[in-house]
Every structure is written in structure tokens, then in C-alpha cells.
Amino acid sequence: MVKINKENSLPLNIAHRGASSLSPENTFAAFDTALISGAKGLEFDVQLSKDIIPVIIHDESLERTTNGTGPVKELTLRELKTLDAGSWFAPNYKGTSIPTLEEVFKKYQNRLTLFNIELKNHLIEYPGLEEAVLEQIDRYQLEKRVIISSFNAASLVTCRRIKPAVRTGLIYLEEIKDPWLYIRSLGCYSAHPHFIYLQDPKILAGFKLHNIPLYPWTVNDPGQMEYLVSKKVAGIITDYPQELHRITGQAD
Ligand code: G3P
Ligand code: MG
């Protein structure tokens with residue numbers, strides 16, 4: 001299988017929810033801006049509509065980033081598509097809609113090195129989410145350019161059971177003892193720790209020894225970006241892809 005990022009190369013510049021410092025997160029505006037800003041990968045969050053269509057939105061409920069109310073899972077795609085997912089960020093984004101996973105694949109399938117698809121099923125259950133996402137990956141033949149990540153370890157195991165070749169990555173926000181052992185036991189390809197867990201050289205050495213690529217988040221501080229570039233992590237997930245691009249030059 002093709003390695004997503006070559007050894008000794010710079011970390012992949014991955015825009016967190018798109019270029020979410022510049023445009024409304026998890027929308028085409030944020031994804032387009034990310035590409036213009038130098039990102040080569042996108043991280044985005046997937047929930048399910050009532051009619052089991054994977055849609056790109058971070059929160060389980062609609063209030064923060066749309067003019068809708070209530071849980072995402074209680075509206076059909078048709079209903080979700082009537083909502084405005086841009087005005088909360090700035091008035092000129094009025095009319096921006098919630099994208100589907102399929103629309104994102106269709107639009108960016110030839111323009112990205114990596115789709116980091118985060119399954120947002122750690123707070124609520126979404127029966128059928130894994131199947132629906134894997135079906136789209138198959139349809140667009142993007143298996144070699146995706147990592148499915150989640151805080152939900154069981155869901156990552158389910159993905160690998162359905163499709164053993166798919167790459168999965170565990171996201172974590174609390175300390176795990178010997179995280180490489182746990183991550184390997186889940187069959188994961190990569191680790192997606194909060195960046196604070198990569199400050200300890202012993203942790204970095206453990207991951208290196210076990211040959212587990214690192215994709216820390218959400219790295220917005222330029223000093224942290226420089227530190228993680230020097231540690232040769234596989235990818236950096238940031239709200240500021242433009243800043244990471246400036247730090248790494250044109251070569252990332
Ligand atoms: O993929 C890592 C990161 O996105 C996890 O946190 O809440 O921003 O989705 P969150
Ligand atoms: Mg996320």
C-alpha cells in the first residue's frame with residue numbers, strides 16, 4: 001500500500017474542519033480555502049442524517065453552526081440541505097449548506113492527498129455509520145487516500161472488520177499508558193493524539209519504535225508546528241493551514 005507521507009518528508013498539512021480559522025468549518029468554503037492555503041489533506045467530521053446519509057458537521061446538534069435546531073439525526077438530508085451553515089461565521093457566507101460525504105469525495109477526489117474522515121459517534125450512536133462511509137469510499141475508490149479516525153475505538157474495529165484494508169486512526173484526548181499497544185490492538189494504522197501528548201520524547205520514541213504514524217491535533221500555535229515538524233510527525237491537523245504552509249514553505 002502507498003505510504004501517505006514519505007519518510008523524512010515534511011508533515012502533511014491537514015486542515016481541521018477545512019481552513020476553519022478563515023471560513024465556516026466543515027463546508028465547501030472551508031475546504032476550498034484550505035486547498036488555496038496550502039493544505040494537502042482535509043480533516044472533517046461525519047454524522048448521519050435521519051435517512052442514513054453521511055453528512056459533514058461537527059456537532060451532534062444543529063444550533064452552533066447552522067440556523068437549525070435539534071439533533072442532526074432527526075432531519076433527513078433534504079431537510080438538512082435547507083439549513084444555512086455559513087451565516088454564523090460571517091454574513092457573506094449566507095446560503096452555505098451542509099455538505100454530504102459523497103459531495104466532498106466527488107469534488108476533491110483528484111485534488112487531495114488525504115481525506116481524514118472523523119466518525120462522530122462517541123457521544124451518540126449512529127447505527128449504519130461505518131457501512132455508509134465505507135460504501136462511499138468504495139464508490140469513489142479512495143481507499144488508499146483515506147484514514148477513518150474516531151474517539152470511538154469500537155467503531156474503528158467495526159470498520160476494519162467490514163473492510164480490513166481500510167486505514168483507521170485512534171483519536172484521543174486523555175493519557176493512555178503505552179498507547180502504541182492499545183492502538184495496535186485495535187488494528188489501527190495511525191495515532192491522532194491531542195498535541196499535548198507528544199511533548200514527551202519517550203512517547204515519540206515509543207510510537208517510532210512501533211512504526212505508528214502520528215497525526216496530532218489541533219495544532220494552531222506556530223511554535224508547536226515547528227516542534228512537530230522537527231519531530232517528523234506524519235501530519236499536522238490545524239485550523240491554520242496557511243500558517244503551517246508559511247512555516248514549511250512550498251514543499252509540504
Ligand atoms: O481529528 C481530530 C479532531 O478533529 C478531534 O476533535 O472535536 O475537533 O473533532 P474535534
Ligand atoms: Mg474532528
Side-chain angles (χ1 to χ4, degrees), residues 4-5 11-28 30-31 33-34 39-48 54-66 71-73 85 88-89 98-101 104 108 112-124 126 129-130 133 137 145-156 159 166-176 179 182-183 186 188-198 207 212-221 224-225 228 233-241 244:
I4 282 170
N5 214 22
L12 195 70
N13 185 337
I14 304 170
H16 179 241
R17 313 181 194 172
S20 53
S21 59
L22 300 170
S23 327
E25 64 182 51
N26 284 323
T27 65
F28 285 124
F31 301 153
T33 310
K40 298 290 188 288
L42 294 176
E43 187 271 357
F44 50 82
D45 308 291
V46 179
Q47 320 251 355
L48 272 189
V55 289
I56 312 301
I57 181 168
H58 179 273
D59 297 3
E60 291 72 22
S61 61
L62 294 160
E63 284 80 357
R64 183 177 63 87
T65 60
T66 79
V72 174
K73 69 173 188 178
W88 70 276
F89 188 85
I98 298 172
T100 64
L101 178 63
V104 171
Y108 302 106
L112 279 179
T113 306
L114 178 68
F115 295 85
N116 178 186
I117 305 163
E118 181 182 348
L119 305 185
K120 274 287 178 216
N121 53 358
H122 61 293
L123 297 178
I124 60 168
Y126 279 119
L129 177 62
E130 296 88 352
V133 168
I137 293 169
R145 280 192 287 139
V146 302
I147 296 177
I148 298 179
S149 64
S150 187
F151 287 101
N152 183 335
S155 179
L156 297 174
C159 288
V166 79
R167 279 184 261 224
T168 54
L170 182 73
I171 307 173
Y172 62 98
L173 184 51
E174 64 293 309
E175 198 162 352
I176 303 174
Y182 180 52
I183 284 163
L186 300 171
C188 285
Y189 163 79
S190 52
H192 300 230
H194 186 277
F195 71 86
I196 57 166
Y197 294 113
L198 298 184
F207 277 119
I212 295 178
L214 295 170
Y215 292 87
W217 54 277
T218 302
V219 186
N220 291 342
D221 171 63
Q224 268 302 322
M225 289 178 186
L228 292 164
V233 296
I236 292 179
I237 301 173
T238 178
D239 297 335
Y240 294 81
L244 182 56

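Reckoned from all heavy atoms, side chains included, excluding hydrogens, waters and symmetry mates. Counting convention: from 1, in listed order, for ligands and their atoms alike. Here, residue 1 is the first one in the sequence, and each next residue gets the next number.
The nearest protein atom to atom 2 (C) of ligand 1, hydrogens excluded, is given as Trp217 CG, 3.5 Å; this is a heavy-atom distance. Atom 7 (O) of ligand 1 has His58 NE2, 2.7 Å as its closest protein atom, hydrogens excluded (heavy atom only). At the top of the distance list for atom 5 (C) of ligand 1, counting protein heavy atoms only, stands Glu118 OE1, 3.4 Å.
Nearest N, O or S atom of Glu43 to the Mg ion (ligand 2): atom OE2. For Glu118, the N, O or S atom with the smallest separation from the Mg ion (ligand 2) is OE1. Asp45 has its closest N, O or S atom to the Mg ion (ligand 2) at the position named OD1.
Here's the thing with His16: one of its N/O atoms is less than 3.5 angstrom from an N/O atom of ligand 1.
Heavy-atom separations between His192 and ligand 1 are all 4.0 Å or longer.
At a threshold of 4.5 Å between non-hydrogen side-chain atoms, the residues Val133 and Ile117 count as touching. The closest side-chain heavy-atom distance from Ile57 to Thr66 is below 4.5 Å. By the 4.5 Å heavy-atom criterion applied to side chains, Glu60 and Gln47 are counted as neighbours.
Using cut-offs of 30° and 60° on the angle between ring planes, the pair Phe151 and Trp217 is perpendicular. Below 30°, between 30° and 60°, or above 60°: for Phe31 and Phe44 the angle between ring planes is between 30° and 60°, a tilted geometry.
Interface of Arg17 with ligand 1, defined as ligand atoms under 4.0 Å from a residue heavy atom, comprises 7 (O), 8 (O), 10 (P). In the vicinity of Lys120, heavy-atom distances shorter than 4.0 Å reach the ligand 1 atoms 7 (O), 9 (O), 10 (P). Here is the list of ligand 1 atoms found below 4.0 Å of a heavy atom in Glu43: 1 (O), 2 (C), 3 (C), 4 (O).
At a heavy-atom distance under 4.0 Å, no atom of Thr218 approaches ligand 1.
Note: Cys188 SG to Arg167 CZ = 13.0 Å, rounded to the nearest 0.5 Å. Note that the OG atom of Ser190 and the CZ atom of Phe207 stand 10.0 Å from one another [nearest 0.5 Å].
A salt bridge between Glu118 and Arg17 is absent, with no side-chain N of the basic residue lying under 4.0 Å from a carboxylate O of the acidic one.
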